[in-house]
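In each ligand, atom 1 is the first atom listed, and ligand 1 is the first ligand listed. Heavy-atom basis, side chains included; hydrogens, waters and symmetry copies ignored.
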Amino acid sequence: MAITEIKPKIYAVGAKDYDRRLFDQLIPLPNGTTYNAYLIIGSEKTALIDTVDGTKVYELLHNLEQAPVKTIDYLISNHSEQDHSEGLVKMLELYPKAKVVTSSLGKEHLMVHLHIPEDRFLVREDGETLSLGDKTLEIVTIPWVHWPETIATYVKEDKIIFTCDMFGTHLAQSETFVVDKPLTYSSAKRYFAEIMMPFRKIIVKNLKKLEKYDFDMIAPSHGPVHQEPEFIINAYKEWISDDVKNEVVLPFISMHHSVQEMVEYFIEKLVEKGITVKPYNLAVTDIGELAMDLVDAATIVIGAPAVLTGAHPLAIYATYLVNALRPKAKFASIIGSYGWKAKLKEQLVGILTRIHPEFIEPVIMRGKLTDEGRKKLDELANAIYQKHKELGITK
Ligand code: FEO
């Protein structure tokens with residue numbers, strides 16, 4: 001890859017991973033990802049911000065060969081997760097005098113995850129600076145985006161901030177900067193939903209903290225660099241707000257069409273009331289898409305059949321995911337069908353320990369959809385509509 005000078009003497013030197021399709025062996029990556037690293041050349045010292053995933057170290061080395069300097073003094077670690085830090089091991093080998101610069105919490109993480117010796121660190125805490133001569137790096141802690149130790153690095157002379165995962169996107173493209181705003185927006189929202197949504201309240205504080213800094217470029221560690229910071233900052237403000245939309249997210253699974261029939265009837269009733277429904281058949285769904293729609297929805301309804309005497313494992317998985325991602329939905333319910341006996345409600349509600357939506361009476365019936373079942377689904381759709389109306393979000 002050709003390196004790009006994004007500001008005077010600041011180069012994007014990271015790696016593109018066009019082919020990666022799964023992160024954490026869990027999160028689908030429809031557009032691959034990038035591991036961004038940035039070389040900052042000061043009048044006296046040189047720093048590298050973050051490295052790359054272990055599988056792409058060769059690409060980082062190739063890119064560094066094209067840089068106009070041959071040594072690195074500081075390896076700034078904004079985040080110790082391995083997709084950004086694994087390359088540090090090789091860098092420390094190649095640059096034996098280089099120091100890893102991070103916070104004390106970052107140091108602790110790197111010593112645990114990469115076994116980097118203590119004498120290779122130079123600790124800088126929140127608000128402390130490091131001079132490269134004519135460029136000054138300031139450490140800004142931004143915890144829980146999505147690990148506890150993450151820092152951003154601010155360079156005041158160039159009005160640029162390096163925010164690691166925050167404002168990032170899993171989006172591999174040949175260009176360094178944002179070129180396709182809708183694609184960048186949806187990729188960033190997917191990324192936010194998958195790892196940052198559980199920490200929404202802390203991100204509110206981090207955003208406020210970053211607003212004190214004067215920058216005109218955001219360089220994250222995944223995806224394109226933002227030349228219009230307000231584009232991604234405004235998107236984050238929308239996602240972290242308490243506002244919800246007139247939407248029902250409906251993850252469901254059906255074995256013998258009973259739940260499928262319930263879901264189809266229920267969607268029809270909700271749509272008649274002007275409510276947008278986002279159904280996700282869990283047999284085929286991309287959980288990233290599901291996570292993305294959880295960012296805004298006012299209501300979540302899980303659709304589940306019984307397997308043996310419990311809920312279908314995929315319904316349990318979806319409920320677990322909802323609980324882990326902690327969306328801001330205000331209401332929740334269940335629709336389901338069983339063959340002879342099952343505690344669907346007790347089992348699924350029991351999983352939701354970290355979120356506390358108002359629970360609307362579920363519709364759980366035995367066997368195929370009946371007129372009585374339709375009546376109950378009408379009542380559930382009505383109840384959801386009334387709740388949305390009280391929030392002032394109906395059309
Ligand atoms: Fe991109 Fe949390 O690592």
Side-chain angles (χ1 to χ4, degrees), residues 12-38 48-57 59-60 75-89 91 100-103 105-114 116 139-153 161-173 176 184 187-200 202-203 206-207 210 218-226 232 235-236 239-240 287-288 291-292 324-326:
V13 294
K16 316 261 187 195
D17 202 341
Y18 293 99
D19 301 327
R20 190 164 179 179
R21 283 294 170 268
L22 209 54
F23 201 86
D24 292 343
Q25 300 302 335
L26 173 69
I27 298 166
L29 303 177
N31 298 302
T33 192
T34 71
Y35 317 108
N36 299 344
Y38 302 95
L48 181 70
I49 302 223
D50 284 324
T51 63
V52 296
D53 189 81
T55 58
K56 287 284 181 179
V57 171
E59 197 168 318
L60 173 64
L75 297 157
I76 316 290
S77 175
N78 277 349
H79 179 26
S80 49
E81 192 170 8
Q82 291 85 339
D83 52 326
H84 309 291
S85 66
E86 266 182 335
L88 277 175
V89 176
M91 292 296 114
V100 177
V101 180
T102 188
S103 66
L105 193 54
K107 171 183 159 186
E108 187 218 315
H109 276 246
L110 288 170
M111 288 176 71
V112 168
H113 294 300
L114 295 173
I116 293 175
I139 304 304
V140 186
T141 55
I142 46 168
W144 295 112
V145 291
H146 56 131
W147 278 26
E149 62 4 314
T150 307
I151 58 174
T153 303
I161 190 155
F162 301 88
T163 53
C164 202
D165 283 345
M166 194 168 175
F167 307 124
T169 53
H170 283 313
L171 172 57
Q173 59 176 38
T176 301
T184 304
S187 303
K189 185 174 186 180
R190 175 188 266 264
Y191 189 65
F192 169 87
E194 288 161 343
I195 65 166
M196 283 180 220
M197 185 158 59
F199 310 108
R200 191 168 62 90
I202 301 173
I203 291 172
N206 286 335
L207 258 189
L210 293 183
I218 294 176
S221 289
H222 291 290
V225 172
H226 297 277
I232 192 68
Y236 264 62
W239 304 330
I240 60 178
I287 60 164
M292 197 164 26
L325 295 178
R326 288 195 268 166

Problem set entry | Listed partners of Ile139 passing side chain to side chain contact (heavy atoms under 4.5 Å, CB included), at least two apart |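 With sequence neighbours excluded, Ile139 shows a side chain to side chain contact (heavy atoms under 4.5 Å, CB included) to Arg124, Ile151, Thr153, given in chain and number order.
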For this session: Would you mind listing every side-chain hydrogen bond (donor to acceptor under 3.5 Å, both in side chains) that reaches into residues 20-29, with sequence neighbours excluded?
Result: Arg20-Tyr35
Seminar exercise, completed: Only one of Asp50, Thr51, Asp165, Thr150 passes side chain to side chain donor-acceptor pair (under 3.5 Å) with His84, and that residue is Asp165
Exercise. If you look at His146, which of its N/O/S atoms is nearest to atom 2 (Fe) of ligand 1?
Worked result: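 The His146 atom nearest to atom 2 (Fe) of ligand 1, restricting to N, O or S, is NE2.
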Exercise. Can you name the ring-ring contact (aromatic ring centres under 6.0 Å, His included) partners of His109, sequence neighbours left out?
Worked result: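 His109: ring-ring contact (aromatic ring centres under 6.0 Å, His included) contacts with His113, Trp147.
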Exercise. So, does Asn36 use its side chain to make a donor-acceptor pair with the main chain of Gly14 at under 3.5 Å?
Worked result: no
Problem set entry | Heavy-atom donor-acceptor pair, His222 side chain to Thr34 backbone, under 3.5 Å | yes
For this session: Please indicate how many protein N/O/S atoms are found closer than 2.8 Å to atom 1 (Fe) of ligand 1, with waters neither displayed nor included.
Result: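 Atoms of protein N, O or S type lying less than 2.8 Å from atom 1 (Fe) of ligand 1 total 4.
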